Amino acid sequence: MTCLPGKTDRALGLVIDLDTCVGCHACVTACKGWNDQGYGVALSDQDPYGADPSGTFLNRVHSYQLTPDDAAPQIVNFPRSCLHCADAPCVTVCPTGASYKRVEDGIVLVNEAACIGCGLCAWACPYGARELDQAAGVMKKCTLCVDRIYNETLPEEDREPACVRTCPTGARHFGDLADPDSAVSKLVAERGGYDLMPEQATRPTNKYLPPRRKDAPQRSLLEPLLDVQATGLAGWLDRLLGKLP
């Protein structure tokens with residue numbers, strides 16, 4: 001079994017804004033692309049163009065339709081990956097010590113050379129954030145692009161996780177959540193960021209920002225002109241064209 005550090009120097013993680021995520025899956029594609037190179041064994045796919053495709057992904061996006069009381073229905077897109085928990089059960093359950101949490105930054109990683117693919121960590125994780133790579137026979141999970149964020153050969157602006165760098169709506173934020181003055185910590189405080197499934201007592205590093213309430217759509221000022229039955233320009237044009245032979 002692996003012991004967790006009593007304290008980490010930093011708590012690097014993600015803040016994900018559920019209000020601005022549009023479910024485009026750009027983060028999923030970027031994550032898959034980056035992790036097919038560099039750190040660890042490439043993420044495999046099985047029968048990708050066949051009738052029953054499957055593969056290993058470190059980040060997935062789920063979409064749900066919500067209907068709040070007295071509000072218009074809305075779609076919430078929910079990205080899911082490893083939350084790099086402070087009390088990570090996937091670490092303490094590992095029989096070989098392959099799963100571990102780094103003292104210097106709090107990132108949870110897997111030593112693939114020591115992993116036997118037993119699946120206990122996937123069973124222990126309440127968030128379903130671990131996947132067994134069928135080709136490699138080892139467990140895979142989000143690494144926060146550890147081989148990217150410390151890569152001094154990259155431009156400074158590229159030293160962040162691939163999912164954050166590629167998000168077109170800026171819904172993903174990366175930083176040190178142990179620092180109350182960091183941009184991510186201030187964002188969590190301002191927007192009421194919360195832990196996923198706090199009842200599990202895993203104390204996840206990653207936080208989610210709640211979606212804002214979407215009221216019923218307002219009637220557009222241009223709607224009368226766009227309605228062919230109206231008395232505006234569109235209605236006049238429709239009646240005029242109706243007189244043509």
Side-chain angles (χ1 to χ4, degrees), residues 1-16 27-28 31-32 34-36 38-46 54-62 78-150 161-163 172 174 176-178 184 188 193-208:
M1 303 294 179
T2 309
C3 294
L4 289 163
K7 184 180 179 181
T8 61
D9 298 335
R10 294 191 293 168
L12 296 184
L14 302 175
V15 174
I16 300 174
C27 58
V28 177
C31 173
K32 183 81 166 180
W34 181 261
N35 287 285
D36 274 343
Y39 181 88
V41 180
L43 306 179
S44 71
D45 294 301
Q46 286 72 48
S54 66
T56 307
F57 290 83
L58 309 186
N59 178 52
R60 296 178 182 271
V61 178
H62 308 277
F78 181 79
R80 175 178 59 85
S81 61
C82 174
L83 303 175
H84 301 277
C85 304
D87 293 325
C90 59
V91 170
T92 55
V93 78
C94 180
T96 67
S99 292
Y100 63 100
K101 187 175 181 67
R102 298 183 3 152
V103 174
E104 60 267 37
D105 51 25
I107 298 176
V108 176
L109 295 175
V110 177
N111 177 0
E112 296 179 7
C115 178
I116 58 176
C118 66
L120 282 176
C121 59
W123 170 81
C125 174
Y127 308 109
R130 293 203 170 204
E131 298 193 11
L132 178 67
D133 191 300
Q134 297 295 333
V138 297
M139 299 305 297
K140 289 286 192 172
K141 61 173 296 299
C142 164
T143 68
L144 282 179
C145 290
V146 69
D147 55 336
R148 180 185 177 107
I149 61 177
Y150 294 112
C163 62
R172 304 176 74 92
F174 170 69
D176 183 7
L177 286 141
V184 286
V188 169
Y194 61 90
D195 291 347
L196 183 63
M197 298 167 60
E199 68 277 5
Q200 296 295 325
T202 60
R203 295 194 294 143
T205 299
N206 289 8
K207 308 297 180 187
Y208 286 90

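Because only heavy atoms are used, hydrogens play no part in the values below, and waters and symmetry mates are left out as well, while side chains stay in. Quick caveat: nothing in here was measured; it's all calculated off a predicted structure. One-based numbering along the sequence shown.
The ring pair (Phe, Tyr, Trp, His ring centres under 6.0 Å) test applied to Phe78 returns Tyr208, not counting sequence neighbours. Among residues two or more places apart in sequence or in another chain, the side chain to side chain donor-acceptor pair (under 3.5 Å) test is passed with Asp105 by Arg102, Tyr150. Residues that satisfy the side-chain contact (heavy atoms from CB on, under 4.5 Å) test with Val188, not counting sequence neighbours, are Val15, Leu177, Lys207. Under the side chain to side chain donor-acceptor pair (under 3.5 Å) criterion, Asp9 pairs with no residue at all, not counting sequence neighbours. In this view, Lys101 satisfies the side chain to side chain donor-acceptor pair (under 3.5 Å) rule with no residue, not counting sequence neighbours. Scored by the side-chain contact (heavy atoms from CB on, under 4.5 Å) test, Ala201 finds no partners at all (sequence neighbours excluded).
Residue pairs satisfying the salt bridge (Lys or Arg N to Asp or Glu O under 4.0 Å) criterion with at least one member in residues 118-127, sequence neighbours excluded, are absent. Residue pairs meeting the salt bridge (Lys or Arg N to Asp or Glu O under 4.0 Å) criterion with at least one partner in residues 80-94, sequence neighbours excluded, are Asp87-Arg203.
Here the closest non-hydrogen pair linking Val110 and Met139 is CG1-O, 3.9 Å. In terms of heavy atoms, Leu83 sits closest to Pro204 at CB-CB, 3.6 Å. Minimum interatomic distance between Thr96 and Ala114 (heavy atoms only, all atoms of both residues): OG1-O, 2.9 Å. Annotation for Asp36 and Ala42: closest pair O-CB, 3.7 Å, computed over non-hydrogen atoms. Nearest heavy atom pair, residue Val91 against residue Cys3, reads CG1-O, 4.5 Å. When every heavy atom of Ser81 is checked against every heavy atom of Leu58, the shortest pair comes out as CB-O, 3.3 Å.
Leu12 places none of its side-chain heavy atoms less than 4.5 Å from the side chain of Thr205. The closest side-chain heavy-atom distance from Leu14 to Cys163 is below 4.5 Å. Under the 4.5 Å side-chain criterion, counting only non-hydrogen atoms from C-beta, Thr8 is not in contact with His84.
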Residues 125-138 side chain polar contacts: donor-acceptor under 3.5 Å, at least two apart:
residue: Tyr127; atom: OH; partner: Leu196; partner atom: O; Å: 2.9
residue: Tyr127; atom: OH; partner: Thr202; partner atom: OG1; Å: 2.7
residue: Arg130; atom: NH1; partner: Ser99; partner atom: OG; Å: 2.7
residue: Arg130; atom: NH2; partner: Ser99; partner atom: OG; Å: 3.2
residue: Glu131; atom: OE1; partner: Phe57; partner atom: N; Å: 3.2
residue: Glu131; atom: OE1; partner: Arg60; partner atom: NH2; Å: 3.1
residue: Glu131; atom: OE2; partner: Arg60; partner atom: NE; Å: 2.6
residue: Glu131; atom: OE2; partner: Arg60; partner atom: NH2; Å: 3.0
residue: Asp133; atom: OD1; partner: Ser44; partner atom: OG; Å: 2.7
residue: Asp133; atom: OD1; partner: Ala135; partner atom: N; Å: 3.0
residue: Asp133; atom: OD1; partner: Ala136; partner atom: N; Å: 3.0
residue: Asp133; atom: OD2; partner: Ser44; partner atom: N; Å: 3.0

